[in-house]
Amino acid sequence: MKDTIIELLHSALDTLKTEGIVPGDVAPAIKVDATKDKAHGDYAANLALMLAKPAGKPPREIAARLIDALPKSDAVAKVEIAGPGFINFFASTAAAAEIITRVLNDGDAFGRNDHGQGEKVQVEFVSANPTGPLHVGHGRGAAVGDCISRLLEATGYNVTREFYYNDAGVQIANLALSVAARVKGLEPSDPAWPADGYKGDYIADVAQAYMHGETVTADDREVTASADPDDHDAIRDFAVAYLRREQDLDLKAFGVAFDVYFLESSLYTDGKVEATVKRLVEKGHTYESDGALWLKTTDFGDDKDRVMRKRDGHYTYFLPDVAYHFDKWQRGFTTVIDEQGADHHSTVTRVRAGLQALDAGIPQGWPDYVLHQMVTVMRGGEEVKLSKRAGSYVTLRDLIDEVGRDATRYFLAARRADSQLTFDIDLARSQSNDNPVYYIQYAHARVCSVLRKADSEDKAFDHALAQANLAKLSDEREKNLLNRLAAYPETVERAAKSREPQQVAQYLQDLAAEFHSYYNAVKVMVDDAEIRNPRLALGLAVRQVIRNGLDLLGVSAPEEM
RNA sequence: GCGCCCAUAGCUCAAUUGGAUAGAGCAACGGCCUUCUAAGCCGUAGGUUGCAGGUUCGAGUCCUGCUGGGCGUGCCA
């Protein structure tokens, strides 16, 4: 429908150019928007407003000329000039109802497109170090990163979900020390407890499993505990594998799966860190000072230069980060999205600077970043900072156990990443019946219920009869729903392009609201089959779109509630 | 001090990416179940979009400056 209007406007614009009313060299991007207010029709175009200046005429006059020049179309019932010069289009009922045919024909594919043309895209997210259970912040990253991946897949990209983790550095040494201390029966309150040790109860679980000689499988590794309390290497390897497995169980419970697990240690063993240093030195962007090796990141927009190799010969985290991203580039990902917590935002400039310093033809501003702000968890009107299991933070598992997978995903993904988020457990739980995610799912379940009723009363949906009578969907609420359904593909497109899954959530809430309103006002299961079947078709289309949209969010669409 | 993000109804958040009269849910109040699921609907009330300028036919959205909050500003990750 929208495309039809754009075509009509293009034709009208050409006519005006031919008549010399509009200069021939102007080429405005013709934009048609769905209206918010039904008094403004179904779709509105601002073309006349944009042409006013180049044409040197008042916008309303241009609008009138455009309307005169519009080719006739069965799709348009009425056209009006409104306000400062908007052209409002009223769709004919038959044209509006065509969306149902499209939704039902396309099914699960409705709203998907192939704009990405199979381009390889990598989304890196979560990337938690294996030193403990995933916390709420990781949960937000998991929800947002996975939804962005789903959106990109839905718009034709070939997406790789990647999880990067450090399995070697200082914090892993601390992890090993902590587990070793637990193995020896120490508790965090003991004076002999390691200074930077991890204090959560889960460390005791790891120690116990280690001493029982358990075998754990995580990523592509399988580790059997030696149960030797003095073998620090064995304890470390076991602890890393154990906690990676824990994190994977959390992610699995959350409905998130990764294609690639990338180990920081592999950058060293494969010589990629050394190669990166060598190349940076060769390209002339480094210097030595105070016994350390520095990269002149200030050449690329950083506010101060950064140390790559410390005085003690070890590399800072910054260097493997650059080596890792260079590796991504070499793997052929022209588009890479890093989803991280905003507390790591300072790495953005540095990584990009390091990549530019490599002089490898990597575009400036590569890779893309989506940074999510902090999550605070509230319970009983107070901020919750402690979890029994983790000790110092609220875990993702805590949330899934308390409020459920669907609600947790929805809460974490249905908000803009760049604003801080308050997760109120009381709200998500005690008022769970009024939870937006249930509101949407309920609309889906209601359609399913109507369809079950149709089957049981021997009034099963008749496709041909529905098709023949789609134009009978002329109720105001039915038109609202039809327009809303028609807006779904562009919502997906826009959400994918801007990496904003919350747009899908918002859309679904609007669609569910319109359906609930319709459901209460208009009975579907009427005796007249010529009325009942188009309404059933509308219900089927709504159900399909809710299902498709919830799938993009990784939320289930139950048939009964 | 400097950098990034944020500020919208009492609360949690939206706003078709610059469009017309800023919308939902929760909380409050009043209605609607003998009829397809009341986890719902209808209605009432709630706003100078933090403040002050600017750009534009048009600004919650873009620009500048303030105010307030968060994060960062390691030879930590």
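Letters go in sequence order (proteins before strands), and every chain restarts at 1. We use all heavy atoms of the structure for the numbers below, so side chains are in, but hydrogens, waters and symmetry mates are not.
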From the list B:A14, B:U21, B:G74, which nucleotide is the closest neighbour of the side chain of A:Asp37?
B:U21
Can you tell me if A:Lys304 touches the phosphate of B:G3, counting only side-chain N or O atoms and a distance under 4.0 Å to OP1 or OP2?
no
Proximal nucleotide (of B:C71, B:A20, B:C75) relative to the A:Ala292 side chain:
B:C75
OP1 or OP2 of B:C41 sitting under 4.0 Å from any side-chain N/O of A:Tyr439?
yes
Return the 5'-most residue of the pair A:Asp305, A:His40 with respect to RNA chain B, ranking by each residue's nearest nucleotide.
A:His40
Does any donor-acceptor pair link the side chain of A:His344 with the base of B:G72 at a separation under 3.5 Å?
no
Rounded distance (nearest 0.5 Å) linking atom NE2 of A:His138 with atom CG of A:Leu412:
13.0 Å
Would you kindly compare A:Val526 and A:Arg311 by the position of their nearest RNA chain B nucleotide and give the one closer to the 5′ end?
A:Val526
Among B:U12, B:C36, B:G40, the nucleotide that comes nearest once only the side chain of A:His516 is considered:
B:G40
How far does the C1' atom of B:A27 sit from the matching atom of B:A45, given to the nearest Å?
12 Å
B:U21 and B:U48: how far apart are their C1' atoms, nearest whole angstrom?
16 Å
Does a side-chain N or O from A:Gln509 land closer than 4.0 Å to OP1 or OP2 of B:G23, or not?
no
Mind calculating the distance between CD (A:Gln340) and P (B:C5) to the nearest angstrom?
15 Å
Distance between the C1' atoms of B:A24 and B:G46, in whole angstroms?
14 Å
Polar pair under 3.5 Å, donor/acceptor by atom type, side chain A:Asn46, base B:G19
yes
A:Asp418 side chain, from C-beta outward: closest of B:C42, B:C5, B:U12
B:C5
Salt bridge flag under 4.0 Å for residues A:Arg494 and A:Glu500:
no
Taking the six-membered ring for Trp, are A:His325 and A:Trp366 parallel (under 30°), tilted (30 to 60°) or perpendicular (over 60°)?
perpendicular
As a test of your reading of the structure, name each stem of RNA chain B as range with range, where a stem is three or more consecutive Watson-Crick or G-U pairs at under 3.5 Å.
B:1-7 with B:67-73, B:10-13 with B:23-26, B:28-32 with B:40-44, B:50-54 with B:62-66
Whether A:Asp33 and A:Lys31 form a salt bridge (side-chain N of Lys/Arg under 4.0 Å from carboxylate O of Asp/Glu) is what I want to check.
yes
d(CG, A:Leu421; P, B:C13) in whole Å:
6 Å
Residue A:Ser419, side-chain heavy atoms: nucleotide from B:C36, B:A77, B:A14 that is nearest:
B:A14
Tell me: CD of A:Glu500 to P of B:A14, nearest whole Å?
9 Å
Work out how far the C1' atom of B:C26 is from that of B:U64, and round it to whole angstrom.
38 Å
Planes under 30° and centres closer than 5.5 Å, is that true for A:Phe86 with the base of B:A20?
yes
Taking the cut-offs as 6.0 angstrom to the six-membered ring centre and 45 degrees off its axis, would you call A:Arg244 and A:Phe163 a cation-pi pair?
yes
A:Phe423 meets the ring-ring contact (aromatic ring centres under 6.0 Å, His included) criterion, sequence neighbours left out, with A:Phe411
Expressed as a whole number of Å, how far does the C1' atom of B:U8 sit from that of B:G23?
11 Å
OP1 or OP2 of B:A39 sitting under 4.0 Å from any side-chain N/O of A:Tyr442?
yes
With the side chain defined as heavy atoms from C-beta on, A:Lys453 is closest, among B:C75, B:C13, B:C36, to B:C36
Answer yes or no: does a side-chain N or O of A:Ser346 lie under 4.0 Å from OP1 or OP2 of B:C71?
no
Using the six-membered ring for Trp and the full ring for Phe, Tyr or His, decide whether A:His345 stacks on the six-membered base ring of B:G72 (centres under 5.5 Å, planes under 30°).
no
Please tell me if A:Arg446 has a side-chain N or O lying less than 4.0 Å from either OP1 or OP2 of B:A38.
yes
Residue list, side-chain contact (heavy atoms from CB on, under 4.5 Å) with A:Glu162, at least two apart or on another chain
A:Gln122, A:Thr160, A:Val260, A:Phe262, A:Tyr324, A:Arg331
Please work out if A:Phe318 contacts a base, only the sugar-phosphate, or nothing of the nucleic acid, heavy-atom cut-off 4.0 Å.
nothing
Side-chain touch A:Val447/A:Leu540, heavy atoms, less than 4.5 angstrom
no
Taken to the nearest whole Å, OH/A:Tyr369 to C1'/B:G3 is 16 Å
Derivation of the side-chain hydrogen bond (donor to acceptor under 3.5 Å, both in side chains) call for A:Glu493 and A:Asn113:
CA-CA 8 Å; A:Glu493 177 70 26; A:Asn113 65 56; 2.6 Å; yes
Of the listed B:C41, B:C71, B:C13, the closest approach to the A:Asp343 side chain comes from B:C71
From NZ of A:Lys38 over to P of B:G23, roughly how many Å is that when rounded to an integer?
13 Å
What distance separates A:Asn166 CG from A:Glu264 CD, expressed to the nearest 0.5 Å?
4.0 Å
Can you identify which nucleotide, out of B:C57, B:A15, B:U37, has its nearest atom closest to the A:Lys53 side chain?
B:C57
For A:Asp290, report the nucleic acid contact type (base, sugar-phosphate, nothing); a contact means any heavy atom under 4.0 Å.
base
Taking the C1' atom in each of B:A15 and B:G70, what is the distance between them to the nearest angstrom?
24 Å
Rounded C1' spacing from B:C41 to B:U35 in Å
15 Å
Can you tell me how far C1' in B:C6 sits from the matching atom in B:C51, rounded to whole Å?
16 Å
With a 3.5 Å cut-off and just heavy-atom distances, do the side chain of A:Tyr317 and the base of B:A77 make a donor-acceptor pair?
yes
CG of A:Asp33 versus P of B:A22: gap in Å, rounded?
17 Å
Please round to the nearest 0.5 Å and tell me the distance separating atom CD1 of A:Ile337 and atom CD of A:Glu124.
11.5 Å
Should the ring pair A:Tyr519 and A:Phe515 be called parallel, tilted or perpendicular, given that the plane angle runs from 0 to 90° and is split at 30 and 60?
tilted
Closer than 4.0 Å, any side-chain N/O of A:Arg416 to the OP1 or OP2 of B:A15?
yes
Ranking B:C36, B:U37, B:C75 by distance to the side chain of A:Val307, first place goes to B:C75
For the pair made of CD in A:Gln420 and C1' in B:U8, what is the distance, rounded to whole Å?
16 Å
Given atom CD of A:Glu514 and atom P of B:G40, what is their separation to the nearest angstrom?
16 Å
Under 4.0 Å between any heavy atoms, over every strand shown, what does A:Met374 touch: base, sugar-phosphate, or nothing? Just pick one.
sugar-phosphate
Counting heavy atoms from C-beta on, name the nucleotide in B:C36, B:G70, B:A39 closest to the side chain of A:Val524.
B:C36
Between B:A20 and A:Asn88, counting only base atoms on the nucleotide and side-chain atoms on the residue, is there a donor-acceptor pair under 3.5 Å?
yes
